[in-house]
Amino acid sequence: MDNPSQLVQYILTGLSNGAIYALIGFGFAIIHNATGILNFAQGEFVMLGGMFTIFILSFLNIPLPMAIVLAIAFSTLVGILFERLAIRPLKNVKPLSLVIITIGASIFIRGAAMLIWGKDTHALPAFSGNEPLYVYGATIMPQHLWIFGITILIIIANKLFFSYSILGKAMRACAYNAYAASLVGIDVKIMVLLSFVVSAAIGSMAGIIIAPLTMTSYDVGIMLGIKGFCAVIIGGMSSGLGTVLGGLLLGLLESLGAGYISASYKDAFAFIILLLILFIRPEGLFKQKETQRV
Amino acid sequence: MKKKFFSTMLFFVIATILFVFTAGAQAFAAPPIKIGALFSVSGPAAFLGEPERNTAQMLVYEINKAGGIKGRKLELVVIDTQGDPAKAVQGANKLIKDDKVAAIIGPSTTGDSMAVIPVVEKAGIPLISCAAGIKITDPVKKWIFKTAQNDALAVARIYEYLNKQKIGNVAILTVSDGFGSSGREQLVAHAKEYGIEIISNETYGPKDTDMTAQLTKIRASGAQAIICWGTNPGPAIVARNVKQLGIKIPLFMSHGVSSKKFIELAGDAAEGIMLPSGRVIVASQMPNTDRQKKALLSYVTSYKNLYKVEGDHFGGHAWDAMMLLKGAIEKAGDKPSAIRDQLEKTTKFAGIGGTFSYTAQDHAGLTKDAFVLVEVKDQNWKLVK
């Protein structure tokens with residue numbers, strides 16, 4: 001096999017993994033922008049999406065699309081419960097305490113999933129067949145097209161929601177200044193809850209569309225969560241294009257690094273990038289530096 | 001006065017009855033023989049420990065139902081090591097000091113086994129490990145035996161087949177954990193004696209979800225076959241990625257995925273994949289002349305009846321350990337040193353993992369005959385003849 005098509009393969013692989021990271025990163029960004037906390041249970045929503053779908057498919061004899069909708073609904077419910085039971089009861093605490101609570105919640109959700117569903121890995125059937133598609137001598141699966149398509153849809157929906165809808169604008173207002181937002185009549189609590197709803201839904205969606213490719217088990221959330229976190233850090237915590245580019249960049253570097261340097265360091269690339277960004281440009285690669293007005 | 005005499009008599013009668021009754025009960029039921037079990041029932045190696053524990057418990061139940069060993073019941077004390085060597089050592093100490101077990105079966109992993117060896121050797125208790133690592137019984141340690149097949153035997157099976165097919169250049173793709181690195185060592189170490197050249201040597205992480213980058217590199221290397229060494233789910237992803245990339249060269253897996261779970265995860269992509277495995281997954285396809293067939297079928301059916309899932313290769317390691325122990329106790333009694341001496345005399349014990357013959361120089365007891373090559377055909381295992 002000649003070198004150009006090898007390169008195309010690395011790029012395709014990198015982009016499709018990157019799209020997944022971006023989607024998971026979105027969940028981080030939305031909650032961070034509404035509440036100022038980093039939700040480290042984001043990876044668990046990804047796991048819940050995949051596991052719920054498999055669980056529903058094996059117990060109820062319903063078509064895949066129905067199962068997916070139900071699985072997203074269940075995962076979102078877990079997100080709501082999480083916010084109501086673990087985040088809202090704490091008033092006037094530092095964001096750091098909340099971040100630690102999300103780590104606790106992620107361990108709890110993972111443990112519960114292990115007890116309920118066991119430790120086995122499960123595979124979800126592909127949405128549209130298993131025959132690979134050829135692109136310039138490289139191959140991708142039809143499922144990759146689903147991943148690209150859904151990621152693009154979610155980016156557009158996000159943009160529309162946060163820029164044009166009243167609810168989206170209200171959420172942004174809370175993120176900017178919760179106190180001022182409450183003075184103009186925005187219910188901050190509802191907005192925080194809503195941010196958990198949206199990010200749980202997006203996270204579980206990500207978990208479902210990747211499950212046919214990567215398979216899923218109770219512990220897939222850890223690594224995917226970290227990769228999503230890297231994507232959002234590179235993107236500077238934006239819930240828009242920055243995170244998408246961050247995810248794609250991470251996916252590409254991983255895949256090219258594994259192909260041309262060594263696959264043993266695949267995960268190390270993600271962390272090296274994360275550290276470099278945090279050292280050199282903590283505000284993210286694609287964000288303009290905020291200017292303080294005096 | 002008379003009344004007092006009567007009550008004294010009554011007291012004596014009752015006391016005598018009680019005495020006779022308890023003494024009699026003691027004479028009839030000798031104390032049970034305690035066997036310790038160290039299995040990683042939870043944690044990352046639960047796929048080993050769980051079937052092993054289930055198998056051991058099933059056997060103890062069956063042996064006791066049939067009247068025990070020479071009228072004495074067995075008692076199994078199971079400790080979950082969670083795949084953590086520190087917990088395995090604590091567990092071994094507890095089994096030896098508190099429970100005073102006659103022998104120990106397990107641990108499930110090579111790491112746990114290596115950790116408990118010094119403890120067990122010092123106490124002088126026979127231990128039959130269910131882990132595969134070659135260093136457990138090489139060099140030979142007085143009190144340590146094992147039932148799981150050495151990785152080298154699995155490697156030999158694959159290389160022999162490659163020789164037959166006249167394939168010389170192979171690519172290996174191994175997982176970066178204990179199982180994968182042991183396999184990698186053996187693959188590299190034995191390549192030369194079979195005239196095989198490893199022209200591409202790649203690894204992947206145990207939690208990786210996409211191996212197309214490594215496989216693209218392997219495809220470019222011009223290898224004639226791929227050997228992948230890992231435990232689920234990694235190899236299933238490799239199988240899917242190989243299909244996705246349209247790679248047509250033969251793909252070999254290790255015995256680490258020789259359970260139905262692999263076929264279920266890899267789906268269509270599993271078709272045509274070959275791997276060395278213990279006979280248990282193809283028990284019914286073995287010729288009737290096979291020495292192990294009787295044990296295999298009995299294990300497979302009773303496991304399926306009790307637990308409603310297929311008994312596998314890993315549970316088989318515990319079956320062998322337990323039955324070897326049973327044989328030794330039947331012949332030599334329950335003194336630890338007598339059990340050890342008797343174990344070492346085991347010859348041609350046809351178990352699940354193979355036909356065991358221990359000697360003073362060999363505490364692993366198997367030859368490469370312990371593995372057969374199987375192929376996935378129509379979503380099922382098929383024996384390659």
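Chain letters run A, B, ... following the sequence lines, proteins first and then strands; every chain starts at 1. Remember, it's a predicted structure, so these values are computed and weren't measured experimentally.
Inspection of non-hydrogen atoms places A:H122, A:A123, A:N130, A:E131, A:P132 of residues 122-132 of chain A under 4.5 Å from chain B. Within residues 229-236 of chain B, the residues that have a heavy atom under 4.5 Å from a heavy atom of chain A are B:P233, B:A236, listed by number. Contacts of residues 260-276 of chain B with chain A at a heavy-atom distance below 4.5 Å involve B:K261, B:L265, listed in sequence order. Using a 4.5 Å cut-off between non-hydrogen atoms, no part of residues 302-310 of chain B approaches chain A.
Both the backbone and the side chain of B:T203 come within contact range of chain A, with heavy atoms under 4.5 Å apart. Both the backbone and the side chain of B:S42 come within less than 4.5 Å of a heavy atom in chain A. Only the backbone of A:P212 comes within contact range of chain B, judged by heavy atoms closer than 4.5 Å. Looking at B:Q214, only its side chain comes within 4.5 Å of chain A, counting heavy atoms on both sides.
No more than 12 heavy atoms of other residues, nucleotides or ligands shown are found within 6.0 angstrom of CZ on A:F108. Heavy-atom contacts from other residues, nucleotides or ligands closer than 6.0 Å to CZ of A:F148 number more than 12. Summarising the local packing, CH2 of A:W117 is surrounded by more than 12 heavy atoms from other residues, nucleotides or ligands at distances under 6.0 Å.
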**Message:** Using the rule given for side chain to side chain contact (heavy atoms under 4.5 Å, CB included), can you reason through A:M215 versus B:R240, listing the C-alpha separation, both sets of side-chain angles and the distance that settles it, and then say yes or no?
**Reply:** CA-CA 11 Å; A:M215 296 180 245; B:R240 285 159 169 250; 3.6 Å; yes
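At distances below 3.5 Å, at least one donor-acceptor pair connects side-chain atoms of B:Q244 with backbone N or O atoms of A:T139. With hydrogens and angles ignored, the 3.5 Å screen pairs no side-chain donor or acceptor of B:R219 with any backbone N or O of A:Q6.
A:G259 and B:A213 get closest at one heavy-atom pair: N-CB, 4.3 Å. Heavy atoms only, all atoms of each residue included: B:D210 and A:K266 are closest at O-NZ, 3.0 Å.
Atom CD of A:Q9 sits about 9.5 Å away from atom CG of B:L215, to the nearest 0.5 Å. B:I237 CD1 to A:T121 OG1: the interatomic distance, rounded to the nearest 0.5 Å, is 8.0 Å. Here the CG atom belonging to A:L213 is positioned 9.5 Å from the OG1 atom belonging to B:T212, to the nearest 0.5 angstrom.
Between B:D208 and A:D267 there is a side-chain heavy-atom pair separated by less than 4.5 Å. By the 4.5 Å heavy-atom criterion applied to side chains, B:K207 and A:D219 are counted as neighbours.
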